[in-house]
Amino acid sequence: MLILLIAAPIAILLVGPMGVWVGTAISDFVFFIHSKLGWLAVAIVGAIWPLLVMTGMHRVFTPTIVQTIADTGVEGMVMPSEIGANLSLGGVSLAVALKTKNSELRQTALAAASSAIIAGITEPALYGVAIRLKRPMIASVITGFVAGAIAGIGGLASHSMAAPGLFTSVQFIDKNNPMSIVWIIIVMVVSIILSFILTLILGFEDIPTEQSNENTKNNGNFELLSPAEGTIKELTDIEDDVFSKEVLGKGFAVVPVNGKVVSPVSGQITAVFPTLHAFGILSEDGAEVLVHIGIDTVTLNGEGFNSSIKEGDNIQKGELLANIDLEFISSQNLSTEIIVIVTNTNEYTKLSLIKHNEVKSGEVVFVGEKSIENKQI
């Protein structure tokens, strides 16, 4: 709600109008260039088209294209320029799929290539390949210029408005000019082959397989260490319905014998309660972990708790999370049990407590396993 209250007025009053003004200025400039330079304008639009799509400003051409086709029956500048721009993104995606050693990127590139070439839908190739790898974007821009120039010189014009691709290229066929089919084929072949070759020449920095997902360092399985030395306790034995009924998720508890509390996982601190009685941690394996020290200890307002950990800090498993005064907490008739919860429990098919009774601080006591369909690749 807060995002909408803030963002909506900014979008309506500032970003939207600015986008329209800038886009309209570009549109007017392009059509002016076309009136003066002819085919060169088609080449220019072919080169900058992916950049316009990135910002959404390509939409400002839609009313002009529709009106031009309605008035004259054809549109001979923007639509022909899209052929090279769209198919070039398919060509660079094919080159990336050929050269990459990352299986995930290869799958993304192949899917993006088919979408761009067959249907003229370029967003998957644009965002999943070209922008992501940068240099293939350069290959696409160069190819868009060359293919646009060819389309302009050939006098191609569209009789309808559909994203130019292999199956939609029929919109450029002129029944009064049989050579239009030849020009269409030339533009499409040049677009795919030139962008493919340029991508191989320019190269790109491949994405290592182990970095395919920055939030996942393994197959999604994880281990939780005991946050303290003491005695393991099942959640169902906790005298608090929120924990015992697993409202927040599955986990375990430890009855500590000393006041040293360590992190059960390696990851990033996502939340630190002002009273220092609870910490949120996003583990390197994708588990969202809550470490809750004691029950109803929020009423102590931080007294008896000491920690230098801050939100946003990175922490290693076994690293000190907090020091607590067990005697003081007990003197307030409050439980000192340290509860560890996996709050994204629903993402895991198996969560198991593998240790019982006495445990040492930093000992593996709890494991989680994701199903194949839920694993982040």
Side-chain angles (χ1 to χ4, degrees), residues 222-240 242-244 246-345 351-368:
F222 71 94
E223 297 177 337
L224 293 181
L225 310 184
S226 174
E229 181 180 354
T231 305
I232 288 290
K233 197 172 184 179
E234 298 272 0
L235 275 190
T236 52
D237 296 330
I238 299 296
E239 295 181 0
D240 185 289
V242 173
F243 297 115
S244 63
E246 300 180 339
V247 175
L248 298 178
K250 296 183 179 296
F252 65 96
V254 177
V255 181
V257 296
N258 61 53
K260 182 181 179 182
V261 182
V262 302
S263 177
V265 290
S266 295
Q268 185 178 55
I269 301 294
T270 56
V272 177
F273 284 68
T275 52
L276 302 180
H277 78 288
F279 300 83
I281 308 172
L282 175 61
S283 81
E284 294 176 340
D285 310 304
E288 298 170 7
V289 180
L290 171 67
V291 179
H292 193 284
I293 305 171
I295 297 175
D296 294 330
T297 46
V298 65
T299 59
L300 298 177
N301 293 318
E303 190 173 357
F305 295 82
N306 182 38
S307 175
S308 60
I309 295 296
K310 302 183 298 297
E311 185 175 330
D313 286 350
N314 292 317
I315 194 167
Q316 298 299 313
K317 56 186 177 182
E319 185 177 340
L320 183 65
L321 194 62
N323 282 307
I324 60 174
D325 188 336
L326 294 181
E327 291 186 5
F328 171 75
I329 296 173
S330 298
S331 70
Q332 304 300 307
N333 296 317
L334 297 175
S335 169
T336 60
E337 295 162 335
I338 302 172
I339 303 160
V340 181
I341 302 290
V342 180
T343 57
N344 58 336
T345 288
L351 293 167
S352 306
L353 183 61
I354 61 173
K355 291 286 291 186
H356 298 82
N357 303 320
E358 305 299 320
V359 293
K360 295 181 179 180
S361 177
E363 187 175 354
V364 177
V365 296
F366 194 89
V367 295

Please name all residues satisfying ring pair (Phe, Tyr, Trp, His ring centres under 6.0 Å) with [X], sequence neighbours left out, ordered by chain then number.
| X | value |
| --- | --- |
| Phe279 | none |
| Phe328 | none |
| Phe305 | none |

For [Y], does its backbone N or O pair with a side-chain atom of [X] as donor and acceptor, under 3.5 Å?
| X | Y | result |
| --- | --- | --- |
| Ser226 | Ala228 | yes |
| Ser263 | Lys317 | no |
| Asn344 | Gly286 | yes |
| Asp240 | Val242 | yes |
| Gln332 | Ile329 | no |
| Thr299 | Asp296 | yes |
| Ser283 | Ser266 | no |

Can you measure from [atom1] ([X]) to [atom2] ([Y]) and round to the nearest 0.5 angstrom?
| X | Y | atom1 | atom2 | answer |
| --- | --- | --- | --- | --- |
| Asn323 | Ser307 | CG | OG | 8.5 Å |
| Leu276 | Leu300 | CG | CG | 11.5 Å |
| Thr275 | Glu303 | OG1 | CD | 12.5 Å |
| Asn357 | Lys233 | CG | NZ | 13.5 Å |
| Gln268 | Ile315 | CD | CD1 | 11.5 Å |
| Phe252 | Leu353 | CZ | CG | 7.0 Å |

Determine whether [X] and [Y] make a side-chain contact, defined as any pair of heavy atoms from C-beta on separated by less than 4.5 Å.
| X | Y | result |
| --- | --- | --- |
| Lys260 | Leu320 | yes |
| Leu224 | Val367 | no |
| Ile341 | Phe243 | yes |
| Glu358 | Thr231 | yes |
| Val298 | Phe273 | no |

Nearest heavy-atom neighbours spanning [X] and [Y]:
| X | Y | value |
| --- | --- | --- |
| Leu326 | Val257 | CD1-C, 3.8 Å |
| Val289 | Pro264 | CG1-CG, 4.2 Å |
| Leu334 | Ile295 | CD2-O, 3.8 Å |
| Glu246 | Leu235 | CG-CD1, 4.2 Å |

Side-chain donor-acceptor pair present, Glu337, Ser335, cut-off under 3.5 Å: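 Their side chains do contain a donor-acceptor pair, which is all the 3.5 Å distance test asks for.
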Mutual orientation of the aromatic rings belonging to His277 and His292 [parallel < 30°, tilted 30-60°, perpendicular > 60°]: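 Plane angle over 60°, so perpendicular.
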